[in-house]
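For reference, the structure discussed in these notes is given below.
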Number of protein chains: 2
Amino acid sequence: MLDDKRNQIIAAALRRFSHFGIAKTSMSEIADDMKLSKANLYYYFQDKFALIEAIAYQIMDESDLAVKQALEEIPNTLDMLIRLLDIKKEYLEKYYMLIINLHEMNMNEERWIALSKGMLQRETEVISKIFDRGIKRNELVTFDVSSTSELYVAIMRGLAMFCDHTIPHALVDKEELDSIIEKQKQAATIFINGIKKTDK
Amino acid sequence: MLDDKRNQIIAAALRRFSHFGIAKTSMSEIADDMKLSKANLYYYFQDKFALIEAIAYQIMDESDLAVKQALEEIPNTLDMLIRLLDIKKEYLEKYYMLIINLHEMNMNEERWIALSKGMLQRETEVISKIFDRGIKRNELVTFDVSSTSELYVAIMRGLAMFCDHTIPHALVDKEELDSIIEKQKQAATIFINGIKKTDK
DNA sequence: GTTTGACTATTTTTAAAAATTGGTCAAAAG
DNA sequence: CTTTTGACCAATTTTTAAAAATAGTCAAAC
């Protein structure tokens with residue numbers, strides 16, 4: 001019952017956050033949407049950050065599920081990484097503003113840094129899993145999986161940040177997103193080629 | 001004589017720009033340093049942008065010279081790319097604030113966009129030259145040099161932007177710079193491995 | 001266990017005044 | 001003809017203080 005209402009609030013907040021972003025959504029607005037008083041909202045979430053965190057984890061869990069399914073379906077390493085990029089794209093389109101906000105976070109407060117690091121780590125762990133499997137399948141050479149995964153994630157994130165930096169804009173539109181994903185796929189291809197066993 | 005004074009002004013401006021950044025350096029300050037009136041400064045450079053542009057091109061030319069020399073000394077592709085990163089590091093340390101500013105430019109004005117694109121293109125052309133040579137030397141497989149160079153530059157720039165994004169800061173210190181260069185070198189290694197001919 | 005209205009303390013927005021800055025020009029100096 | 005300058009302007013940025021919005025609290029009610 002309590003969890004049920006918490007989930008309802010999360011859903012309501014998610015709608016606003018993913019549309020208008022975190023900063024431009026006030027707790028009062030969320031409370032109004034739910035037809036609760038603000039004080040009541042604070043009964044369910046100790047503060048705004050707790051709500052954001054709950055949403056972030058929900059999205060991550062949801063995404064992890066899609067990744068897990070893909071992992072079972074796609075044995076090839078490169079194919080899997082490409083699928084991963086498509087999944088990420090899906091989520092970015094779905095929760096655009098929220099995800100952008102989560103990536104350009106407030107980095108002055110401990111809890112934000114912790115959340116950011118957690119998200120990065122989770123992303124890196126997925127890549128590690130894929131690389132490990134690739135090594136086990138005798139598809140990739142042996143290498144330091146941990147640091148290489150970190151590098152891979154950094155490259156992908158960097159490409160997303162750099163994107164078409166020469167064109168003035170703050171918000172990324174659909175075309176641009178496509179071009180970013182395209183570059184990421186290209187990079188993934190060369191990256192995997194760089195750590196795969198030489199073709200027999 | 002006229003060019004001589006222009007160069008003196010460039011040197012004076014460079015000192016301020018590379019220390020305090022472009023925005024925090026006024027034309028009056030530069031004029032004062034040179035013991036000229038501001039109006040006189042505008043006799044030598046039609047506006048602030050012209051001065052910045054002149055400085056940018058001087059640094060690029062200087063850097064290109066170092067690159068040209070390295071190209072003659074280092075035949076191996078990966079070694080050359082690593083050398084290139086070291087050269088870039090040198091220049092970043094030397095002209096820190098200025099280069100940072102040039103990368104996060106005002107992207108709302110045509111001339112800035114043109115300068116930014118020019119810098120990017122120049123960087124990409126150096127990489128193209130290196131890749132072309134690598135192909136000719138039978139070290140690399142044949143591929144679309146133009147788009148691959150663009151991708152390479154995007155990866156390197158992206159890594160620089162992403163860097164240690166989880167730690168709060170605006171200015172990059174020496175340690176961080178080292179860690180960025182390290183990641184860039186790692187990425188270059190895997191990248192080249194991904195496009196090089198399989199070892200015999 | 002839930003819900004609320006009334007209440008703070010802190011940020012954020014707003015709007016106007018003050019200061020700075022990029023840039024011009026006619027005229028002077030060499 | 002080239003170089004230099006002080007006086008000047010328009011536009012932007014910085015500063016400041018008041019107004020509004022916001023995150024978060026709490027005692028009391030349901």
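What you see is a predicted model; the values in this text were computed from it and never measured. Every chain is numbered from 1, with letters handed out A, B, ... down the list of sequences.
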Checklist entry - Thinking salt bridges, do A:R111 and A:E53 make one under a 4.0 Å N-O criterion? => result no
Item to check | Atom pair distance, as rounded to whole Å: CG in B:L36 and C1' in C:dG22 | outcome: 17 Å
Item to check | A:Y44 with A:M27, same ILVMFWY side-chain cluster at under 4.5 Å | outcome: yes
Checklist entry - Just checking B:F49: base, sugar-phosphate only, or nothing, at a heavy-atom cut-off of under 4.0 Å? => result nothing
Item to check | Distance under 6.0 Å and angle within 45° of ring axis: B:K88 vs B:Y91 | outcome: no
Checklist entry - So what does B:S26 hit on the nucleic acid, given a heavy-atom distance under 4.0 Å: a base, only sugar-phosphate, or nothing? => result sugar-phosphate
Item to check | A:K38 NZ to C:dA9 C1', straight-line distance once rounded to whole Å | outcome: 12 Å
Next on the checklist: If I take atom CG in residue A:D4 and atom P in nucleotide C:dG1, what distance separates them, rounded to the nearest angstrom?
Outcome noted: 18 Å
Next on the checklist: Nearest to the side chain of A:Y42, heavy atoms from C-beta on, is which of C:dG1, D:dT4, D:dA23?
Outcome noted: D:dA23
Item to check | B:Y44 side-chain proximity, nearest of D:dT3, D:dG6, C:dT4 | outcome: D:dT3
Item to check | Nearest-angstrom distance from the residue atom CG of A:D32 to P of D:dA23 | outcome: 12 Å
Checklist entry - Can you find a side chain N or O atom of A:K5 that sits less than 4.0 Å from OP1 or OP2 on C:dT3? => result yes
Checklist entry - When the distance from CE of A:M27 to P of C:dT12 is rounded to whole Å, what number comes out? => result 16 Å
Item to check | d(CD1, A:I9; P, C:dT2) in whole Å | outcome: 11 Å
Checklist outcome for this item: Ranking B:A39 and A:L41 by the position along DNA chain C of their nearest nucleotide, the one closer to 5' is A:L41
Checklist outcome for this item: Taken to the nearest whole Å, CG/A:N40 to C1'/C:dG1 is 11 Å
Item to check | Side-chain-base donor-acceptor pair under 3.5 Å for A:K48 and D:dG24 | outcome: no
Next on the checklist: Can you tell me which nucleotide in D:dT25, C:dG23, C:dT2 comes closest to the side chain of A:Y43?
Outcome noted: C:dT2
Checklist entry - Just by distance, do the side chain of B:R133 and the backbone of B:T77 share a donor-acceptor pair under 3.5 Å? => result no
Next on the checklist: Less than 4.0 angstrom from a charged side-chain N to a carboxylate O is my criterion; do A:E73 and A:R83 meet it?
Outcome noted: no
Next on the checklist: Once you apply a heavy-atom cut-off of 4.0 Å, does A:K24 come out as touching a base, just sugar-phosphate, or nothing?
Outcome noted: nothing
Item to check | Atom-to-atom span, CZ of B:F45 to C1' of D:dT3 - whole angstrom | outcome: 15 Å
